[in-house]
There are 2 protein chains.
Amino acid sequence: MSKLGKIETGEPLADRRIDILDAAARAFMRQGFAATSLDRVSDEIGSTKGAIYYYYRSKSELFFAVHRRGMELTQAAIRPSFETPASARDRLHGMAVAHTILVIDHLPYLRVIAQGLEMHLLERTNESERAELADVAALREANENLYIRVIKDGVASGEFRSVDAKLAAKPLLGALNWTSRWYQPRPGETQAAKKRVAESIADFVVAGLEKKN
Amino acid sequence: MSKLGKIETGEPLADRRIDILDAAARAFMRQGFAATSLDRVSDEIGSTKGAIYYYYRSKSELFFAVHRRGMELTQAAIRPSFETPASARDRLHGMAVAHTILVIDHLPYLRVIAQGLEMHLLERTNESERAELADVAALREANENLYIRVIKDGVASGEFRSVDAKLAAKPLLGALNWTSRWYQPRPGETQAAKKRVAESIADFVVAGLEKKN
DNA sequence: ATGTTGCAGCCTACCGAGTAGTATGTTTGG
DNA sequence: CCAAACATACTACTCGGTAGGCTGCAACAT
């Protein structure tokens with residue numbers, strides 16, 4: 001009864017892999033990639049390094065996996081609002097709210113990806129690591145592109161000021177991603193309280209682009 | 001002629017200390033605190049670890065010094081606009097432009113402080129380190145407070161929407177600090193080009209707070 | 001029902017590389 | 001010639017990665 005969980009899942013081992021991934025995300029969030037030892041990650045789940053190396057081939061692969069999951073969570077969170085048939089203003093507002101609530105609810109993953117990854121492997125990277133890096137970078141770009149496109153839509157419709165969408169997306173993403181840096185989870189925080197924070201930030205970024213009247 | 005520079009300075013050794021500090025900022029920017037060895041920092045100035053330990057007592061102290069300088073540069077950059085007798089809107093705009101140009105011109109320091117420091121020393125800190133941490137945190141808070149105060153001024157004067165100034169300062173700072181993450185220095189970039197980026201970001205954060213008409 | 005066997009899923013012990021900090025030697029300008 | 005300003009050599013320690021061993025469940029044979 002102890003070590004299964006792959007009974008009904010199509011992908012065996014998936015649960016254990018995610019347990020490890022969650023532990024890694026928490027550890028990387030607190031101490032960063034370089035300062036986190038795999039011994040501490042495995043401690044987090046009451047296990048040893050051997051367990052990690054059974055599921056992941058290296059520390060870098062584990063790090064990339066955290067990034068990948070964070071990016072996929074983000075894409076899943078913001079895409080619905082992006083695809084909603086509505087004004088650019090409302091779509092962007094919905095994306096920003098969803099994005100911020102995601103940050104609050106999955107802080108470890110989102111804080112890790114907000115820290116970036118290029119920093120950690122300017123050198124000493126082998127072939128497969130560089131491929132994974134490019135892969136994760138593509139996911140990040142895909143998320144950014146959703147924002148760029150909605151900005152362009154708003155400019156085209158006249159809702160937003162005439163800005164360079166690629167450039168304007170930068171402070172927008174900064175405002176959103178920064179939440180992962182200052183937000184501190186509170187034990188009994190209600191969903192309504194989270195929503196209020198998210199709305200406030202969404203209002204800010206939408207207003208930053210809208211025309212004055 | 002090689003190792004002086006304290007001839008006219010009130011503070012002896014100041015030049016060499018700053019050389020080391022600059023090298024440390026560049027190294028920390030590229031690889032982060034934990035992944036940067038002091039051997040690499042000293043390589044950066046064609047020296048060895050002994051030189052660093054002559055001027056700084058530990059790696060942590062050097063890291064704190066980088067943060068402190070970054071905070072002081074920021075304070076020096078934004079305070080003039082803050083104190084200008086003008087509308088809250090114009091003061092904030094001036095602060096944001098100055099802030100962004102500072103980021104561009106002193107990228108190593110600003111990127112390091114945008115990465116944060118609490119992360120790196122949750123444990124294993126001695127007494128003096130905790131004192132320095134509190135000190136740097138106070139500087140950070142002082143910078144944030146300038147933005148909070150100008151937001152409050154704008155709300156009071158009716159220029160800005162009725163926002164919670166402390167909360168609204170978060171995405172604002174995120175939008176500004178994020179520049180240190182995406183900006184890549186280009187060799188022949190003109191001052192006018194930098195200014196254009198800074199104006200764009202300043203427009204964004206000011207519009208994020210202003211009333212619609 | 002009961003032994004037997006195979007292998008997934010770990011754990012343990014270890015190695016080698018890298019690094020913060022220190023102790024001591026060395027140079028050079030005044 | 002002496003101290004400031006380093007350089008060099010060394011120690012103690014951490015940590016990524018690996019090799020090999022252990023264990024308990026499961027599936028089959030009897």
Side-chain angles (χ1 to χ4, degrees), chain A residues 1-7 9 11-21 23-24 27-28 30-66 120-126 128-129, chain B residues 1-9 11-21 23-24 27-28 30-66 120-126 128-129 132:
Chain A
M1 197 71 65
S2 61
K3 62 184 58 173
L4 24 109
K6 50 178 171 174
I7 317 171
T9 60
E11 193 72 23
L13 311 178
D15 285 9
R16 193 65 174 144
R17 273 181 71 90
I18 291 195
D19 285 346
I20 292 173
L21 204 61
F28 289 150
R30 290 200 302 264
Q31 302 160 319
F33 174 73
T36 298
S37 73
L38 292 182
D39 290 312
R40 284 188 64 94
V41 173
S42 50
D43 274 3
E44 191 100 3
I45 53 169
S47 203
T48 72
K49 218 166 29 174
I52 295 179
Y53 276 99
Y54 183 78
Y55 294 93
Y56 297 92
R57 280 185 304 187
S58 69
K59 189 184 179 186
S60 302
E61 184 176 308
L62 185 56
F63 189 58
F64 281 125
V66 170
H120 298 297
L121 26 80
L122 294 178
E123 317 163 51
R124 275 176 288 190
T125 60
N126 58 36
S128 74
E129 282 183 355
Chain B
M1 198 70 64
S2 62
K3 62 184 58 175
L4 26 108
K6 50 177 174 175
I7 317 170
E8 295 290 324
T9 60
E11 193 72 23
L13 313 176
D15 285 10
R16 192 65 174 143
R17 274 181 71 91
I18 291 195
D19 284 348
I20 293 174
L21 205 60
F28 289 151
R30 290 199 302 265
Q31 301 160 314
F33 174 73
T36 299
S37 73
L38 292 182
D39 289 311
R40 285 190 63 95
V41 173
S42 50
D43 274 3
E44 193 99 4
I45 53 169
S47 202
T48 70
K49 217 164 34 174
I52 295 180
Y53 276 98
Y54 183 79
Y55 293 93
Y56 298 92
R57 280 184 304 187
S58 69
K59 189 184 179 186
S60 301
E61 183 177 308
L62 185 56
F63 188 59
F64 280 125
V66 170
H120 298 298
L121 27 79
L122 294 177
E123 319 165 48
R124 277 177 286 191
T125 61
N126 58 36
S128 74
E129 281 184 354
E132 287 231 56

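In what follows, chains are A, B, ... by sequence order, proteins preceding strands, each numbered from 1. No experiment lies behind these values; they were computed from the predicted model shown.
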- Message: If I take atom NZ from residue A:Lys59 and atom CZ from residue A:Phe63, how far apart are they, to the nearest 0.5 angstrom?
- Response: 9.0 Å
- Task: Scan residues 45-52 of chain B against DNA chain C and write down, sorted by residue number, each residue with any heavy atom closer than 4.0 Å; if none is found, say none.
- Result: B:Lys49
- Query: What integer distance in Å separates B:Leu38:CG from C:dG18:P?
  - Reply: 16 Å
- Results of side chain to side chain donor-acceptor pair (under 3.5 Å) for A:Glu44 - residues two or more places apart only: A:Arg26, A:Arg30
- note: A:Arg17, atom CZ; C:dA8, atom C1'; distance rounded to Å ~ 15 Å
- Message: Using a 6.0 Å distance limit plus a 45 degree cone around the ring axis, check whether A:Arg17 lies over the aromatic ring of A:Tyr56.
- Response: yes
- May I have the distance from B:Arg40 (atom CZ) to C:dA20 (atom C1'), rounded to whole angstrom? 16 Å
- Task: Measure the acute angle between the ring planes of B:Phe33 and B:Phe28, then classify it against the limits of 30° and 60° as parallel, tilted or perpendicular.
- Result: tilted
- Message: Between B:Thr48 and B:Asp43, does the side-chain contact (heavy atoms from CB on, under 4.5 Å) criterion hold? Intermediate values first, please.
- Response: CA-CA 6 Å; B:Thr48 70; B:Asp43 274 3; over 6 Å; no
- Mind calculating the distance between CG (B:Asp39) and C1' (C:dT22) to the nearest angstrom? 14 Å
- Message: Does A:Ser42 reach a base, just sugar-phosphate, or nothing at all? Heavy atoms under 4.0 Å.
- Response: nothing
- Can you check the A:Asp43 CG to D:dT14 P distance for me, whole Å? 14 Å
- B:Tyr53 side chain: which of C:dT22, D:dC6, D:dC15 is closest? C:dT22
- Measure from the side-chain heavy atoms of A:Tyr54 and tell me the nearest of D:dC6, D:dG17, C:dC10. C:dC10
- May I ask you to verify if any side-chain N or O of A:Arg16 is less than 4.0 angstrom from the OP1 or OP2 atom of C:dA8? no
- Message: Could you tell me how far apart B:Phe63 (CZ) and C:dA20 (P) are, to the nearest whole angstrom?
- Response: 13 Å
- Query: For B:Asp19 and D:dA5, what is the distance between atoms CG and C1' respectively, to the nearest whole Å?
  - Reply: 14 Å
- Message: Testing the 3.5 Å rule here: is there a donor-acceptor pair between the side chains of A:Ser128 and A:Asn126?
- Response: yes
- Between A:Asp15 (CG) and C:dA8 (C1'), how many Å, whole number? 16 Å
- Message: To the closest 0.5 Å, what do you measure between NZ (B:Lys49) and CG (B:Leu38)?
- Response: 7.0 Å
